[in-house]
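Below is one structure, written out as structure tokens; the observations come after it.
Ligands are counted one by one from 1 in listed order, and the atoms in each one are counted from 1 as well.
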Amino acid sequence: MERLQKVIANAGYTSRRKAEELIRNGKVKVNGEIIRELGTKVNHTDKIEIEGEILTNEDTKVYYLLNKPRGFICSVSDDKNRKTVVSLIDTDKRIYPIGRLDYDTTGLLLLTNDGNLANQLMHPKNEVEKTYIAKIEGNLSPSEFYHLKKGLDMDGRKVFPTHLKVKKTDEKSSIVEISIVEGRYHIVKRIFEALNHPVIKLKRERYAFLTLGTLKSGEYRKLTLKEIKKLYNLKP
Ligand code: URA
């Protein structure tokens, strides 16, 4: 027996928080009866219906690594009708992205219907390292570089790059490689904004041990079994 909101989230239908909202709003039926109680336990024989749609038991888990193009939103659907990253992948499974990249950010994004792995990887305590290439306005001065390296205060909490390297500079802009282990909203853009060097372009090149390899923008591949196991076994 498992909690209803967990079963809905694990089936890849939506996040656990949204599942709770659906339950509270009376949108979920179990065996034909509307359930509003969040703690309700269900098992695999119970028929779960969300806004009239029957939740299928998606036993087969799928895992994709996508090179996200700019101009795609990291969600399953969008109320402004923008293109979603999910639409780039040819599958009949209800997949969703693990974490988010901004609409205009490109690069490595994982998608899956495995709620357990997604929740594990997105949990702040798991600290998955991600590497970005940022094109920023202007050049970092030695003191700005040092300041950032030592940790920058963002909303009362420090953010420490685990790796920082200026790859290229010209008189107008710089290319900076930065690795961080956290996933706060717009974190890389906010870091450079705080230093008065706004991000012009942003690409994620690495997620934990995974890289884009030869994937071109918009291309994707399935993760191998070995990679999936390795993601499950990532140590904080
Ligand atoms: N940080 C950002 O600012 N944007 C992203 O898309 C990812 C990390």
Apart from Tyr185 itself, residues in the same hydrophobic cluster as defined by side-chain heavy atoms under 4.5 Å: none
Residue pair Glu205 / Thr131, side-chain donor-acceptor N/O under 3.5 Å: no
In residues 145-157, what donor-acceptor pairs under 3.5 Å come from side-chain atoms, sequence neighbours left out?
unit_1 : atom_1 : unit_2 : atom_2 : d
Asp153 : OD1    : Arg157 : N      : 3.2
Asp155 : OD1    : Arg190 : NH1    : 3.4
Asp155 : OD2    : Arg190 : NH1    : 3.1

Closest contact, heavy atoms only, Val188 versus Leu202: CG1-CD1, 3.7 Å
Connected-component partners of Ile200 among ILVMFWY, side-chain separation under 4.5 Å: none
Carboxylate-amine/guanidinium proximity below 4.0 Å for Glu177 and Lys167: yes
Ligand 1: protein residues within heavy-atom distance under 4.0 Å: Leu101, Asp102, Thr105, Tyr132, His186, Ile187, Val188, Lys189, Leu202
